[in-house]
Amino acid sequence: MITIFKNKSGQGTLEVALAFIIVILLVGGLVNIWFWFNGQMISRQVAYNNTRVAAGTGSDTYSQMVGWNYRAGSLTENMVIPRDTR
Amino acid sequence: MRISGRSGQALLELAVFGSLIILIAGYLFSYFYRMNNQQYVQMESFRRALQIANYGGPTTSSHGGKVTQLTVMENRHEPDLSTYFRKGSSQSTSATSSVYWTVPEVGETSGSATYYKVNDDLSDDLSSGESVNDVRTSSVSFFNENTIKQETPQGITVTRSSDLKDTITTKLLDENGNELWSVSQGLYTYTGPDGKLKYGYGKNHLNETVHRNRTWNTQGF
């Protein structure tokens with residue numbers, strides 16, 4: 001464990017500061033995953049709406065059903081905990 | 001909670017309450033999964049209902065349009081952390097769509113159609129006769145898992161294999177308990193349009209066994 005003062009005053013503050021960073025990273029990662037999921041729902045809905053005429057009037061059996069051209073995007077490490085902001 | 005010397009108190013508390021954060025993450029992921037399935041089934045039910053309504057039936061040969069009600073029931077096979085991981089379990093998701101899209105011939109009335117699509121299979125037209133009052137589903141699973149470990153001076157080879165046979169029977173009953181339509185479907189795997197392995201249920205795959213196998217080696221020193 002990290003101890004910076006001999007009389008240990010401020011040790012709790014130091015640990016809370018460390019723990020706080022870890023908690024913020026965890027919660028921030030969860031929030032980013034949540035944003036990613038919402039984005040998936042919306043982008044799939046857009047793909048679905050864009051194929052509505054073709055799907056309703058198409059003569060082939062269900063091939064254009066839910067917008068088969070849509071592919072879910074991957075959740076990357078950089079999306080969960082952004083490092084590269086360029 | 002207190003440890004001797006009080007050093008590391010805050011980090012210890014983080015370790016304890018960190019499990020709560022993991023719990024929340026787990027709940028969030030299962031919520032994602034359910035919402036994702038629900039959205040997909042709702043989309044599929046409306047699209048299929050739209051096409052049936054447009055063509056007056058599940059095939060494109062009949063024309064004229066019908067007032068259509070379609071219920072889609074999907075069993076999604078997923079890993080189950082509480083039992084054997086590879087055995088998994090199926091979660092049921094359903095959605096119903098009604099589409100009024102019909103232009104009948106002059107002097108004729110609009111037709112109607114009621115279908116149930118259970119996984120891969122579409123029911124008969126249930127618009128005539130009694131209406132569906134109850135849906136009963138039962139499932140039977142056979143699962144077998146083997147682990148073979150071979151230790152030699154050159155290294156350790158571990159082979160794990162599993163066989164899974166899962167059958168789901170769905171019955172549509174009227175209010176008197178009479179069977180209107182039923183289907184038994186077996187679990188199978190296929191490669192989806194995204195190139196990934198997917199699970200499905202279909203009556204043409206009854207009694208199929210899903211076999212999975214994996215071998216890995218550890219080099220000796």
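What you see is a predicted model, and the numbers here were worked out from it, not measured in a lab. Below, read A as the first sequence line, B as the second, and so on, with proteins coming before strands; counting in each chain starts at 1.
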Note to self: If you define the side chain from C-beta out and look only at heavy atoms, does anything of Leu30(A) sit under 4.5 Å from Ile21(B)?
What the structure shows: yes

Checklist line | Nearest-0.5 Å distance that lies between atom CD in Gln40(A) and atom CE in Met35(B) | finding: 13.5 Å

Notebook entry, point to check: Once you round to the nearest 0.5 Å, how far does CG of Leu20(B) lie from CG of Leu26(A)?
Noted result: 12.0 Å

Check: Considering only heavy atoms, which portion of Ile33(A) lies under 4.5 Å from any heavy atom of chain B: side chain, backbone, both, or neither?
Finding: both

Within a 6.0 Å radius of atom [atom1] on [X], are there more than 12 heavy atoms belonging to other residues, nucleotides or ligands?
{"X": "Lys203(B)", "atom1": "NZ", "answer": "no"}
{"X": "Arg136(B)", "atom1": "CZ", "answer": "no"}
{"X": "Phe20(A)", "atom1": "CZ", "answer": "no"}
{"X": "Glu77(A)", "atom1": "CD", "answer": "no"}

Notebook entry, point to check: Think Arg47(B) forms a cation-pi with Tyr48(A), using NZ or CZ under 6.0 Å from the six-ring centre and within 45 degrees of its axis?
Noted result: yes

Note to self: Please find the pair of heavy atoms, one from Gln39(B) and one from Met41(A), that lie closest to each other, and give the distance.
What the structure shows: NE2-O, 3.0 Å

Notebook entry, point to check: Relative to chain A, which of Phe46(B), Phe29(B), Phe32(B) shows the most heavy atom pairs under 4.5 Å?
Noted result: Phe32(B)

